[in-house]
Amino acid sequence: QVQLVESGGGLVQAGGSLRLSCAASGRAFSRYWMGWFRQAPGKEREFVAAISWIGGSTYYADSVKGRFTISRDNAKNTVNLQLNSLKPEDTAVYYCAARDYGTNYYNQYKYDYWGQGTQVTVSS
């Protein structure tokens, strides 16, 4: 098993930046594909970004492509999400998640482990 704890959320003005981090403990971190998802009030949780075991492959939702960057440091057991050019519609609780394989990386139901989430609020 792996335990995940997100941090780095907060309140930021539109156009600003935030850096989210997810710290993992438990089983070997490098064995997991990692994903970031988000859930806005009244909406379904949606895929944001995913990264492969050693970071060789990254994937993004169209809505964040070019603005967000996912990265990982397997030596530190962390996965990060850099959020740039933030928009009010990016406001949501952001979750990191882990799974053993990358097939259907955008599907939240394929992920086995989840953090508790961190709130990102973007004001206009």
Side-chain angles (χ1 to χ4, degrees):
Q1 288 203 0
V2 63
Q3 292 78 43
L4 304 171
V5 179
E6 302 95 334
S7 61
L11 173 62
V12 63
Q13 288 188 333
S17 298
L18 282 173
R19 184 175 178 84
L20 307 183
S21 292
C22 175
S25 60
R27 261 185 65 187
F29 179 67
S30 61
R31 295 183 182 183
Y32 293 97
W33 271 67
M34 299 299 297
W36 284 95
F37 292 78
R38 66 186 182 185
Q39 187 168 21
K43 294 188 176 181
E44 295 285 324
R45 188 157 55 186
E46 64 176 4
F47 169 74
V48 175
I51 189 167
S52 59
W53 296 290
I54 58 173
S57 298
T58 57
Y59 304 90
Y60 298 93
D62 288 343
S63 59
V64 307
K65 202 171 293 183
R67 300 188 297 121
F68 292 6
T69 303
I70 188 171
S71 61
R72 68 188 296 161
D73 185 337
N74 287 345
K76 296 182 179 179
N77 286 5
T78 57
V79 60
N80 301 304
L81 186 68
Q82 179 68 39
L83 289 61
N84 295 331
S85 302
L86 282 161
K87 304 175 181 179
E89 52 263 43
D90 294 319
T91 295
V93 178
Y94 284 70
Y95 299 90
C96 71
R99 56 175 297 188
D100 289 331
Y101 301 99
T103 306
N104 295 330
Y105 55 83
Y106 48 83
N107 186 338
Q108 61 174 310
Y109 300 107
K110 298 293 186 180
Y111 287 77
D112 301 306
Y113 307 103
W114 292 84
Q116 83 289 349
T118 186
Q119 176 71 47
V120 171
T121 303
V122 184
S123 63
S124 56

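Just so it is clear, the values below take in all heavy atoms, side chains as well, and ignore hydrogens, waters and symmetry mates.
- Distance alone, capped at 3.5 Å, places no donor-acceptor pair between the Arg72 side chain and the Gly55 backbone.
- Follow the hydrophobic side-chain contacts under 4.5 Å out from Val93 and you never reach Ile70; the two are in separate clusters.
- Here the closest non-hydrogen pair linking Thr78 and Ala23 is CG2-CA, 4.3 Å.
- At distances below 3.5 Å, not a single donor-acceptor pair connects side-chain atoms of Gln108 with backbone N or O atoms of Phe47.
- Atom-to-atom distance recorded for Thr69:OG1 and Arg19:CZ is 9.0 Å, nearest 0.5 angstrom.
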Step by step, work out the side-chain contact (heavy atoms from CB on, under 4.5 Å) result for Val48 and Leu81. CA-CA 10 Å; Val48 175; Leu81 186 68; 4.1 Å; yes

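- Side-chain atoms of Asn107 and Tyr105 include no donor-acceptor pair closer than 3.5 Å.
- Considering all non-hydrogen atoms of both residues, Thr103 and Lys110 come closest at O-CG, 4.4 Å.
- Summarising the geometry, atom OG belonging to Ser71 is positioned 11.5 Å from atom CE belonging to Met34; distances are rounded to the nearest 0.5 Å.
- Under a hydrophobic clustering in which Ile, Leu, Val, Met, Phe, Trp and Tyr are joined whenever their side-chain heavy atoms come within less than 4.5 Å, directly or via other members, Val12 and Leu20 fall into the same cluster.
- The minimum heavy-atom distance linking Thr91 with Val122 is given by the pair OG1-N, 2.9 Å.
- For the pair Phe29/Val79, a side-chain contact is recorded, criterion being any heavy-atom separation below 4.5 Å from C-beta on.
- Residues Val5 and Gln116 are in side-chain contact: their nearest non-hydrogen atoms beyond the backbone lie under 4.5 Å apart.
- Neither Phe68 nor Tyr95 shares a network with the other; the hydrophobic side chains, linked directly or stepwise wherever heavy atoms of I, L, V, M, F, W or Y lie under 4.5 Å apart, form separate groups for each.
- In plain terms, the two heavy atoms of Arg67 and Ser85 that are nearest each other are NH1-O, 3.0 Å.
- The 12-atom threshold is not exceeded at CZ of Arg31, counting heavy atoms of other residues, nucleotides or ligands nearer than 6.0 Å.
- Two residues are said to be in side-chain contact when any heavy atoms from C-beta on lie closer than 4.5 Å; Ser63 and Lys87 fail this criterion.
- Using a 4.5 Å heavy-atom threshold, the side chains of Leu83 and Asp90 count as separate.
- Formation of a donor-acceptor pair under 3.5 Å by the Glu6 side chain with backbone atoms of Thr118 is not found in this model.
- Using a 4.0 Å cut-off between a side-chain N of Lys or Arg and a carboxylate O of Asp or Glu, Asp62 and Lys65 qualify as a salt bridge.
- Remark: Lys43 pairs with Ala40 by the side-chain contact (heavy atoms from CB on, under 4.5 Å) rule, at least two apart or across chains.
- With hydrogens and angles disregarded, a donor-acceptor distance shorter than 3.5 Å links the side chain of Asn74 to the backbone of Trp53.
- Between the side chains of Asn84 and Gln82, a donor-acceptor pair is found at a separation under 3.5 Å.
- Remark: Tyr113 engages Tyr32 in a ring pair (Phe, Tyr, Trp, His ring centres under 6.0 Å) (not counting sequence neighbours).
- Side chain of Glu46 to backbone of Arg38: no donor-acceptor contact under 3.5 angstrom is found.
- Phe37 and Trp33 fall within the same hydrophobic cluster, where Ile, Leu, Val, Met, Phe, Trp and Tyr residues are linked whenever their side-chain heavy atoms come under 4.5 Å apart, directly or through other members.
- Residues Cys22 and Trp36 approach most closely at CB-CZ2, 3.8 Å, considering heavy atoms.
- The two residues Tyr111 and Ala50 come nearest to each other via the heavy atoms OH-CB, 3.9 Å.
- When the side chains of ILVMFWY residues are joined at heavy-atom separations under 4.5 Å, either directly or via intervening members, Trp114 and Val120 end up in two distinct hydrophobic clusters.
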